[in-house]
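Take a look at the structure set out below.
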Number of protein chains: 2
Amino acid sequence: MNRRKTKSKRDVLEALKSKGSAMSHEMLEAVVEDYNRATIYRILNRFREEGIVHRIVGVNGKQYFAICTNCEKENHNHNHIHFQCNTCEKVECLNEELQINLPKGYVLEGFNGLVSGLCSNCS
Amino acid sequence: MNRRKTKSKRDVLEALKSKGSAMSHEMLEAVVEDYNRATIYRILNRFREEGIVHRIVGVNGKQYFAICTNCEKENHNHNHIHFQCNTCEKVECLNEELQINLPKGYVLEGFNGLVSGLCSNCS
DNA sequence: TTGTTATTGCGATAATGTTGCAATAATACA
DNA sequence: TGTATTATTGCAACATTATCGCAATAACAA
Ligand SMILES: [Mn+2]
Ligand SMILES: [Mn+2]
Ligand SMILES: [Zn+2]
Ligand SMILES: [Zn+2]
């Protein structure tokens, strides 16, 4: 399964990089040129498999995708909290790492921590 | 806007109480008698307004509702983390309270912290 | 018992995300 | 450079979750 470089992938990656904060499908659609809905989702999920981006689930239940920073190959640290603005919908990574203690017998596999409120632009 | 006591409300509340952990619409539908989808959602959102239940958004983007415990009227503490099992889909409240520091200019309004993994039954 | 209106059921609708399949195009290789 | 392979795309259909308008129903106050 060899990967191929395509314009759509470049466009999506470029959009995510230049935006800085996390983006939903909807946000991406507004920025990149007109690709099919399925194509964009497939690209995002592919990126996620490859460890290029990580996913945040918003309070609205929507998926947001953000470029991985501070992540090494094979060693991702996504235990940071995210912030979602209730007004402008922006989703960003906070630096806050946090430590989680689970009860006995529980196995941690993922973390999705989301603080919602007003960002500095909207407060 | 006076509230009225109905069988559907009693049933939903009873289901949530006896289950102990958070429930999705789907889970509720399987337990209570046959009410319309919209009715159940309206009841849940009503309960939320009244501060009887709180809502957790799962990693799957679905809504889960749990009875409020440790909450006083007008003073809810929902800054606790929740745990969702990737196998049996169960969602429960963890005792872990956590402290969140936001950057300057940010206003906190809500928190949805979700750890996913395997519960003690499924691990 | 009766009137008011909160609540419900029904149907339609919106939004998000995935999938199967045939067409297209990126890439390896002759 | 030309050709074959197959990863990727577009399209349409589908699944799921959740909300909403409206008319019918039923809780409850008087
Ligand atoms: Mn990462
Ligand atoms: Mn509460
Ligand atoms: Zn904002
Ligand atoms: Zn489990």
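Naming convention: chains lettered A, B, ... in sequence-line order (proteins, then strands); numbering from 1 in each chain. Heavy-atom basis, side chains included; hydrogens, waters and symmetry copies ignored. The structure presented is a predicted model; accordingly, all values stated were derived computationally and were not measured.
For residues 7-22 of chain A, proximity to DNA chain D is found at A/S8, A/K9, defined as any non-hydrogen atom under 4.0 angstrom from a strand atom.
Counting to the nearest Å, the C1' atom of D/dA29 and the CG atom of B/N2 are 9 Å from each other. Straight-line distance from the OH atom of A/Y41 to the P atom of D/dG10: 15 Å, rounded to whole Å. Distance, B/R48 CZ to D/dT19 C1': 13 Å, rounded to whole Å. For the pair B/E29 CD and D/dT17 C1', the computed distance is 11 Å after rounding to whole Å. Rounded to a whole Å, the CD1 atom of B/I43 is 13 Å from the P atom of D/dT19. Between B/M27 atom CE and D/dA18 atom P there is a gap of 12 Å when expressed in whole angstrom units. Counting to the nearest Å, the C1' atom of D/dT5 and the CZ atom of A/R3 are 17 Å from each other.
A salt bridge links B/R46 with B/E49: the distance from a Lys NZ or Arg NE/NH1/NH2 to an Asp or Glu carboxylate oxygen falls below 4.0 Å.
Aromatic ring pairs are classed by plane angle as parallel below 30°, tilted from 30° to 60° and perpendicular above 60°; the pair B/H25 and B/Y41 is parallel.
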Show your working on side-chain contact (heavy atoms from CB on, under 4.5 Å) between A/I67 and A/L13 and close with a plain yes or no.
-> CA-CA 8 Å; A/I67 295 281; A/L13 190 62; 3.7 Å; yes

Under the side-chain contact (heavy atoms from CB on, under 4.5 Å) criterion, do A/L114 and A/V57 qualify, and how do the steps go?
-> CA-CA 8 Å; A/L114 191 64; A/V57 177; over 6 Å; no

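Ring to ring, B/F65 and B/F47 are not that close: their centroids are 6.0 angstrom or more apart.
Annotation: of the two residues near DNA chain D, B/Q63 and B/K5, the 5′-most nearest-nucleotide partner is B/Q63. Sequence order on DNA chain D of the closest nucleotides to A/A38 and A/R46 puts A/R46 first from the 5' end.
Of the side-chain N and O atoms in B/N45, one or more sit less than 4.0 angstrom from OP1 or OP2 of D/dT19.
Here the side chain of B/R4 is nearest to one of D/dC22, D/dA26, D/dG10, namely D/dA26.
First and last contacting nucleotides of DNA chain C toward chain A (any atom under 4.0 angstrom from a heavy atom, 5' to 3' order): C/dT16 to C/dT27.
The only member of A/K90, A/E92, A/Q84 that meets side-chain hydrogen bond (donor to acceptor under 3.5 Å, both in side chains) when paired with A/Y64 is A/Q84.
The same ILVMFWY cluster, assembled from side-chain heavy atoms under 4.5 Å apart, contains both B/L102 and B/I81.
Between A/V31 and A/M23, some side-chain heavy-atom pair lies under the 4.5 Å cut-off.
Rounding to the nearest 0.5 angstrom, the gap separating the CZ atom in A/F83 from the CG atom in A/L94 is 7.5 Å.
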